[in-house]
Each structure stands twice: as structure tokens, then as C-alpha cells.
Amino acid sequence: MGGVLKHNGAQPLGINGVEDHIHMVFGMPPSLDVARLIKETKRSTSIWLKSQDSGLAHFGWQRGYGAFSVSKGKLRNVRQYIADQEQHHRKITFDDEWKSLLRIYGLDQNQ
């Protein structure tokens with residue numbers, strides 16, 4: 001994933017995940033389009049995963065994604081949060097955390 005981000009002009013700063021999702025934090029120039037970058041990251045990593053193991057032939061990423069901007073002052077905390085994903089999700093499920101984020105930022109859960 002880091003290689004795909006770099007190839008597309010983004011700077012990977014943290015990537016980690018658990019069995020049902022991943023988190024990435026990366027820097028990107030204003031000329032990049034977030035939707036296009038995520039689409040290309042999903043496409044490229046899906047192709048790579050399928051080439052690694054025939055058991056992953058039907059692998060596919062979910063349709064949606066969430067993207068949030070992070071201030072430079074919060075970057076250290078976000079990088080630590082991403083590094084601690086496995087431990088973090090022992091306390092709260094991804095689904096519960098996602099719903100909480102949507103409430104905090106006043107977003108419709110159906111978006």
C-alpha cells in the first residue's frame with residue numbers, strides 16, 4: 001500500500017489494519033484527488049493480493065471508504081492510533097467506532 005501511495009504522489013506516514021479494515025495516514029499534495037487515490041490503492045492492492053494466493057482469488061475491498069483530514073499537531077496521535085489497531089479494536093468494534101465518528105462529525109450514516 002505504501003508503494004502504491006508513493007507511486008501516486010502521496011507520502012505514506014502510517015498503515016495498519018485488522019481482519020476487517022485498514023487505516024492509513026498519508027500526506028498528499030493538493031493536486032491529488034482523494035477518491036482517485038483510494039480507488040487506485042484498492043485496485044492495485046487487490047490485484048497484488050490475488051496474485052499472492054489462489055485462496056484470495058475472490059478478494060475484494062468494500063465499496064466505500066472514510067477519509068478525514070488531520071492537523072499536523074494531531075499527526076503523532078493518529079500514527080500511534082494506527083499502530084495500535086489490534087489492541088484498540090479489542091475495546092471497541094470498528095462498526096461502533098465508525099458510527100461514533102459519523103455522529104461526532106455530524107455525518108449521515110448512509111453516506
Side-chain angles (χ1 to χ4, degrees):
M1 290 185 153
V4 175
L5 291 172
K6 284 181 188 177
H7 180 76
N8 285 279
Q11 178 187 14
L13 301 172
I15 301 171
N16 196 11
V18 293
E19 51 280 334
D20 62 351
H21 70 281
I22 63 138
H23 290 273
M24 301 186 300
V25 62
F26 50 87
M28 57 186 283
S31 60
L32 277 182
D33 177 313
V34 174
R36 193 173 326 184
L37 181 61
I38 298 300
K39 181 179 180 179
E40 181 57 26
T41 302
K42 286 181 173 187
R43 186 190 72 77
S44 295
T45 55
S46 180
I47 290 168
W48 180 81
L49 278 169
K50 290 175 183 182
S51 75
Q52 300 303 299
D53 184 337
S54 61
L56 297 172
H58 299 289
F59 173 82
W61 292 104
Q62 70 181 24
R63 286 181 42 171
Y65 65 92
F68 300 88
S69 61
V70 177
S71 69
K72 195 170 185 175
K74 296 291 184 180
L75 186 56
R76 178 188 283 216
N77 293 357
V78 171
R79 291 177 79 176
Q80 189 63 52
Y81 165 82
I82 289 172
D84 294 339
Q85 280 301 287
E86 190 173 341
Q87 179 183 346
H88 176 75
H89 285 299
R90 287 185 194 135
K91 299 175 190 170
I92 183 172
T93 67
F94 170 72
D95 192 50
D96 288 343
E97 184 174 38
W98 180 248
K99 288 175 184 174
S100 175
L101 282 170
L102 293 177
R103 276 192 307 274
I104 288 168
Y105 291 102
L107 300 171
D108 181 350
Q109 292 185 20
N110 296 315
Q111 291 182 2

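As a basis for the values below, the full set of heavy atoms in this structure was taken, side chains included, without hydrogen atoms, waters or symmetry mates. All residue numbers in this chain count up from 1 along the given sequence.
Following chains of ILVMFWY side-chain contacts shorter than 4.5 Å, one can reach Ile38 starting from Met1, so the two form part of one hydrophobic cluster. Both Phe59 and Tyr65 sit in one connected hydrophobic cluster of ILVMFWY residues. Membership requires side-chain heavy atoms under 4.5 Å apart, directly or through other members. Both Trp48 and Leu37 are assigned to one and the same hydrophobic cluster, defined by single-linkage of ILVMFWY side chains at heavy-atom distances under 4.5 Å. In terms of hydrophobic clustering, with Ile, Leu, Val, Met, Phe, Trp and Tyr side chains grouped at heavy-atom distances under 4.5 Å, Val25 and Val4 are assigned to different clusters. Both Leu101 and Leu107 are members of a single hydrophobic cluster when ILVMFWY side chains are connected at heavy-atom separations under 4.5 Å.
Remark: Gln87 CD to Tyr81 OH distance equals 12.5 Å, nearest 0.5 Å. Atoms CG and NE2, on Leu56 and His58 in that order, are 10.5 Å from each other to the nearest 0.5 Å. The CD atom of Glu97 sits 11.0 Å away from atom CG of Leu102, with the distance rounded to the nearest 0.5 Å. Atoms CZ and NZ, on Arg63 and Lys42 in that order, are 9.5 Å from each other to the nearest 0.5 Å. Atoms CD1 and CD, from Ile47 and Gln52 in turn, are 12.5 Å apart once rounded to the nearest 0.5 Å.
Across all non-hydrogen atoms, the minimal contact from Pro29 to Gly9 is CD-O, 3.2 Å. Between Asn8 and Leu32, the shortest heavy-atom distance links the atoms O-CD2, 3.1 Å. Shown here for Met28 and Ala10, the closest heavy-atom pair between the two residues is CB-CB, 4.3 Å.
Glu86 CD: 12 or fewer foreign heavy atoms inside a 6.0 Å radius. Atom CZ of Phe68 is surrounded by more than 12 heavy atoms from other residues, nucleotides or ligands within 6.0 Å.
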Item to check | Verdict with reasoning, Thr45 to Trp61, per side chain to side chain contact (heavy atoms under 4.5 Å, CB included) | outcome: CA-CA 9 Å; Thr45 55; Trp61 292 104; 3.0 Å; yes
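With sequence neighbours left out, Arg79 forms a side-chain hydrogen bond (donor to acceptor under 3.5 Å, both in side chains) with no residue at all. The salt bridge (charged side-chain N to carboxylate O under 4.0 Å, His left out) search around Asp33 returns Arg36, not counting sequence neighbours.
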Which pairs of donor and acceptor atoms, one on a side chain in residues 12-23, lie under 3.5 Å apart (sequence neighbours left out)?
| unit_1 | atom_1 | unit_2 | atom_2 | d |
| --- | --- | --- | --- | --- |
| Asn16 | ND2 | Ile82 | O | 3.0 |
| Asn16 | ND2 | Ala83 | O | 3.1 |
| His21 | NE2 | His23 | NE2 | 3.2 |
| His21 | NE2 | Gln85 | OE1 | 3.4 |
| His21 | NE2 | His89 | NE2 | 3.1 |
| His23 | NE2 | Gln85 | OE1 | 2.9 |

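A heavy-atom distance below 4.5 Å is not found between the side chains of Gln80 and Arg76.
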